[in-house]
2 protein chains.
Amino acid sequence: MTIEIRGSDILAALENQGYRSTLPRREIIENLDKRSDGFTAEDLVRDLPHIGRATVFRTIKLLLEAGIICKLSLINGEPRYSLAHAEHHHHTVCVTCGTIGEFHAGTVERVLRLIGNEVGGSIIGHRIELYISCADCARQNIPVPTAGHTHVS
Amino acid sequence: MTIEIRGSDILAALENQGYRSTLPRREIIENLDKRSDGFTAEDLVRDLPHIGRATVFRTIKLLLEAGIICKLSLINGEPRYSLAHAEHHHHTVCVTCGTIGEFHAGTVERVLRLIGNEVGGSIIGHRIELYISCADCARQNIPVPTAGHTHVS
DNA sequence: GGGGAAGTGAGACTGAGTATCATGACTATC
DNA sequence: GATAGTCATGATACTCAGTCTCACTTCCCC
């Protein structure tokens, strides 16, 4: 289920959760609207210099908690954020250009649930990230960074 | 395939890769031997105060590159390291006590390869972490921390 | 034993994120 | 419309994990 998200929807969602609609928040959300393929907190800080660093991070935390954006990490561990276009999804991350994609994998979910039974205890959540060299980068033959552990466990 | 790893094996592996066997490295590796369920860089820095911070981090990086340890993150993003006992595996992380476990999931691997084909581009690697409340914590009824997004995408 | 490469330690620095706190903006109530 | 209380903001200092630099030391081979 893919959902087209607009800034106004995000604002409405936040207001529903009891948060105020303030100018800095509106500006940050508008800025997010333009970013389809992942961004860093520093991107926002740089783009919106009149908004305090702390406010940017606070708003990111808010949006994370509201499930509007999600946090993931590049193959080297660098944090990235991305607008969540779907209810439940996972990410592909291009190791060369950093572009973030989404995918759905009901099968994987089911297998993980089975594994959870074997492991003992109860499953709280999971994190799946697929590191790829995206079609564009592969076409341009951009060399894949020789990260020490390309298979990240 | 589970492998019992001893400090001497690790050292030999490093030497094979052209790294010298030095006192700080031997001490760090010996210290790892005692840690079955994950550790942080700060744990090592604290345990080995006569070894420089930079050296600890340098050695961790070395061991990561050699595939002897692996890096993962708790549900809140805190970094953790763990001895890699098997060729290819994934981790379970207890969200309450932080204990790290391992599991194998050929099915998941296969599904991810299929997804890679759909996504376009070529797969470089993947990261799968299963967040659980481990058997011990579940038995003791320790409440699971209400992380904003328990399903980490 | 000597020389050169590899490794170390101290400490400054970076990048991501949090804490604090005085100030400013909203909102509900009168 | 004034007011009070709550929520949000910005500046700034701080933390935490990790990196960089550089002079010094250790290791290994000849």
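Because only heavy atoms are used, hydrogens play no part in the values below, and waters and symmetry mates are left out as well, while side chains stay in. Residue numbers begin at 1 in each chain, while the letters A, B, ... track the order of the sequences.
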Indicate if L44(B) and F57(B) have the same hydrophobic cluster label, given that clusters are the connected sets of ILVMFWY residues with side-chain heavy-atom separations under 4.5 angstrom. no
In whole angstrom, what separates L44(A)'s CG from dG15(C)'s C1'? 15 Å
Hey, which of these two, I60(B) or T59(A), hits DNA chain D nearer its 5' end, going by closest nucleotide? T59(A)
Taking atom types as they are modelled, is there a donor-acceptor pair under 3.5 Å from the base of dG10(D) to the side chain of R53(A)? no
Pairing donors with acceptors under 3.5 angstrom, does anything connect the side chains of E109(A) and H104(A)? no
For the base of dG17(C), is there a side-chain donor-acceptor partner from R58(A) under 3.5 Å away? no
Heavy atoms only, 4.0 Å cut-off, all strands: where does I51(B) land among base, sugar-phosphate and nothing? sugar-phosphate
Rounded to the nearest Å, what distance is computed from the NE2 atom of residue H50(A) to the P atom of nucleotide dA8(D)? 18 Å
Residue-phosphate contact under 4.0 Å: Y81(B) side-chain N/O, dA17(D) OP1/OP2: no
OP1, OP2 of dG17(C) versus side-chain N and O of K71(A): anything below 4.0 Å? yes
May I have the distance from F57(A) (atom CZ) to dC14(D) (atom P), rounded to whole angstrom? 18 Å
Considering only heavy side-chain atoms of R25(A), the closest of dT9(D), dG9(C), dG17(C) is dT9(D)
Could you tell me how far apart E78(A) (CD) and dA16(C) (P) are, to the nearest whole angstrom? 7 Å
Going by the side-chain contact (heavy atoms from CB on, under 4.5 Å) test, name the single residue among L72(B), D43(B), L63(B), I60(B) that passes it with Y81(B). I60(B)
Would one find a side-chain N or O of T22(A) under 4.0 angstrom from OP1 or OP2 of dT9(D)? yes
Just how far is it from atom CD1 of I28(A) to atom CG of L23(A), taken to the nearest 0.5 Å? 10.0 Å
The side chain of R20(A) is closest to which nucleotide in this list: dG18(D), dG9(C), dC7(D)? dC7(D)
Nearest whole angstrom, please: distance from the C1' of dT18(C) to the CG of L62(A). 15 Å
Give the nucleotide from the list dT8(C), dT9(D), dA16(C) with an atom nearest to the side chain of P24(B). dT8(C)
Can you figure out which of dA17(D), dC27(D), dG10(D) approaches the side chain of P79(B) most closely? dA17(D)
Touch class at under 4.0 angstrom, heavy-atom based, for A54(B) against every strand present: base
Respond yes when some side-chain nitrogen or oxygen of T55(A) is under 4.0 Å from OP1 or OP2 of dG10(D), and no when none is. yes
Give the rounded distance in Å between these two atoms: CG of L14(A) and C1' of dC26(C). 16 Å
Answer yes or no: does a side-chain N or O of Y19(B) lie under 4.0 Å from OP1 or OP2 of dC28(D)? no
Determine whether S73(A) and E78(A) make a side-chain contact, defined as any pair of heavy atoms from C-beta on separated by less than 4.5 Å. no
How long is the line joining CG of L48(A) and P of dA11(D), in whole Å? 13 Å
Euclidean distance, atom CD of residue Q17(A) to atom P of dC7(D) [Å, nearest integer]: 15 Å
Among side-chain atoms of R80(A) and T40(A), is any donor-acceptor pair under 3.5 angstrom? no
